[in-house]
Novice: 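This is the structure I want to talk about, given as structure tokens.
Scope of the values below: all heavy atoms of this structure, side chains included, with no hydrogens, waters or symmetry mates.
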Amino acid sequence: MVVFLFGAYRMMGAGATVEEDPRAVLVAVLETATEASQVLDGTPGTGDDATAPHAVRRRLDGCAQALERIAGIPISASLDEARTMLELAVDELGWSARLAEAPAYATDDALRDAGTSLRSRASANLERARSQLD
């Protein structure tokens, strides 16, 4: 019984201590978010691939979770700035993906303009993060 409880405890992630390199996490998030931005920029308004925005949003959710995992780790000021910029960019890209998932996205100019504006702000934040990580 004790072995079962210990196994269940470990499966839920409790007690597991994994040292993560915050810089490596930030670089990985930057790469993934940049790719997501490129995919969303190429998202057709005709709905040719309706699953693309959803898949991108799921990847961005993973980025947000990775950023949350390192939120409590003490880091340098430049890495903290990069983390903040990445948090903003991931959030903006996530909202852009949500808009692209909307059935009216293909026909509504206002939705597409909002998505473009969000991606533009996200790109600026990605560049700021990139400059802090270089």
Side-chain angles (χ1 to χ4, degrees):
M1 181 69 165
V2 171
V3 173
F4 173 75
L5 291 175
F6 179 74
Y9 180 74
R10 294 292 293 192
M11 285 180 55
M12 290 187 299
T17 57
V18 176
E19 293 296 322
E20 293 196 70
D21 177 14
R23 188 175 201 303
V25 171
L26 294 172
V27 168
V29 168
L30 176 63
E31 291 172 8
T32 303
T34 300
E35 291 170 9
S37 179
Q38 293 168 350
V39 169
L40 289 172
D41 279 340
T43 299
T46 59
D48 291 339
D49 187 4
T51 61
H54 181 72
V56 167
R57 188 167 55 84
R58 300 284 293 164
R59 285 196 314 243
L60 291 166
D61 288 345
C63 288
Q65 291 172 2
L67 291 170
E68 285 177 17
R69 281 195 318 267
I70 64 166
I73 298 174
I75 54 178
S76 68
S78 64
L79 289 182
D80 188 46
E81 178 73 17
R83 182 177 50 83
T84 300
M85 293 299 108
L86 287 171
E87 287 172 346
L88 291 170
V90 165
D91 191 43
E92 291 159 344
L93 290 170
W95 280 106
S96 178
R98 284 178 185 86
L99 290 174
E101 287 181 272
Y105 188 78
T107 59
D108 191 330
D109 290 338
L111 283 178
R112 288 195 308 273
D113 289 346
T116 300
S117 178
L118 284 164
R119 288 190 305 278
S120 175
R121 290 179 52 93
S123 292
N125 285 324
L126 290 172
E127 285 307 312
R128 286 187 201 115
R130 184 173 283 110
S131 72
Q132 295 296 321
L133 292 171
D134 287 338

Novice: Taking only residues two or more places apart in sequence, or in another chain, which ones meet Arg130 in a salt bridge (Lys or Arg N to Asp or Glu O under 4.0 Å)?
Specialist: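 Partners of Arg130 under the salt bridge (Lys or Arg N to Asp or Glu O under 4.0 Å) test: Glu127.
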Novice: Answer yes or no: does atom CZ of Arg58 have more than 12 heavy-atom neighbours from other residues, nucleotides or ligands under 6.0 Å?
Specialist: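 No, the 6.0 Å shell around CZ holds no more than 12 heavy atoms from other groups.
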Novice: Locate the shortest heavy-atom distance separating Ala106 from Arg112; write the atom from each residue and the value.
Specialist: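 In terms of heavy atoms, the two residues are closest at O-NH1, 2.8 Å.
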Novice: Under 3.5 Å, sequence neighbours excluded: what are the donor-acceptor pairs made by side chains of residues 21-28?
Specialist:
{"from": "Asp21", "atom 1": "OD1", "to": "Arg23", "atom 2": "N", "distance (Å)": "3.3"}
{"from": "Arg23", "atom 1": "NH2", "to": "Leu133", "atom 2": "O", "distance (Å)": "2.1"}

Novice: What residues form a salt bridge (Lys or Arg N to Asp or Glu O under 4.0 Å) with Asp80, not counting sequence neighbours?
Specialist: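 Arg83.
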Novice: Could I get the full list of salt bridge (Lys or Arg N to Asp or Glu O under 4.0 Å) partners for Asp134, not counting sequence neighbours?
Specialist: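 Expected list: none.
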Novice: For Asp91, which residues count as a side-chain contact (heavy atoms from CB on, under 4.5 Å) partner, sequence neighbours excluded?
Specialist: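 side-chain contact (heavy atoms from CB on, under 4.5 Å) list for Asp91, sorted by chain: Trp95.
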Novice: Evaluate the criterion side chain to side chain contact (heavy atoms under 4.5 Å, CB included) for residue pair Asp61 and Val90; output intermediate values, then yes/no.
Specialist: CA-CA 8 Å; Asp61 288 345; Val90 165; over 6 Å; no
Novice: Nearest 0.5 Å, what's the CG-CG distance between Asn125 and Leu30?
Specialist: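 Rounded to the nearest 0.5 Å, the CG-CG separation comes out at 11.5 Å.
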Novice: Less than 4.5 Å apart, side chain to side chain, heavy atoms only: is that true for Leu86 and Leu126?
Specialist: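 Leu86 reaches Leu126 side chain to side chain.
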Novice: Sequence neighbours left out, what passes side chain to side chain donor-acceptor pair (under 3.5 Å) with Arg59? Give chain and number order.
Specialist: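 For Arg59, no residue satisfies side chain to side chain donor-acceptor pair (under 3.5 Å) once neighbours in sequence are set aside.
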Novice: So which atom in Leu99 and which in Gly115 form the shortest heavy-atom distance, rounded to 0.1 Å?
Specialist: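 Leu99 and Gly115 have their closest heavy atoms at CD1-N, 3.7 Å.
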Novice: Distance-only, no hydrogens or angles: does the Ser131 side chain make a donor-acceptor pair with backbone N or O of Arg128 under 3.5 Å?
Specialist: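 Judged by distance alone, yes, a pair lies under 3.5 Å.
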Novice: Which residues pass the side-chain contact (heavy atoms from CB on, under 4.5 Å) test with Ser96, sequence neighbours left out?
Specialist: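 Per chain and number, Ser96 pairs via side-chain contact (heavy atoms from CB on, under 4.5 Å) with Leu40, Leu118, Arg119.
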Novice: Quick one: do Ile75 and Met85 end up in the same hydrophobic cluster if we chain Ile, Leu, Val, Met, Phe, Trp and Tyr together by side-chain heavy atoms under 4.5 Å apart?
Specialist: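 No; Met85 is not reachable from Ile75 via cluster members.
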Novice: List for me each residue that meets side-chain contact (heavy atoms from CB on, under 4.5 Å) alongside Arg121, sequence neighbours excluded, and say none if there are none.
Specialist: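 Checked Arg121 against side-chain contact (heavy atoms from CB on, under 4.5 Å); matches are Glu92.
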Novice: Please list all pairs meeting salt bridge (charged side-chain N to carboxylate O under 4.0 Å, His left out) that have one or both residues in residues 29-38, counting only residues at least two apart or in different chains.
Specialist: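 As it turns out, there is no salt bridge (charged side-chain N to carboxylate O under 4.0 Å, His left out) pair with a partner in residues 29-38 once direct neighbours are skipped.
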Novice: Assigning hydrophobic clusters by single linkage (Ile, Leu, Val, Met, Phe, Trp, Tyr; side-chain heavy-atom cutoff under 4.5 Å), is Val29 placed with Leu88?
Specialist: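 No; tracing contacts between hydrophobic side chains, which count when under 4.5 Å, never links both residues.
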Novice: Mind checking side-chain contact (heavy atoms from CB on, under 4.5 Å) for Ser76 and listing every partner two or more places apart, or none if nothing turns up?
Specialist: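 If we apply the side-chain contact (heavy atoms from CB on, under 4.5 Å) test to Ser76, skipping adjacent residues, the hits are Ser78, Leu79.
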Novice: Of the non-hydrogen atoms in Ala33 and Cys63, which two are nearest, and what is the gap between them?
Specialist: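 So the minimum-distance heavy-atom pair works out to N-SG, 4.5 Å.
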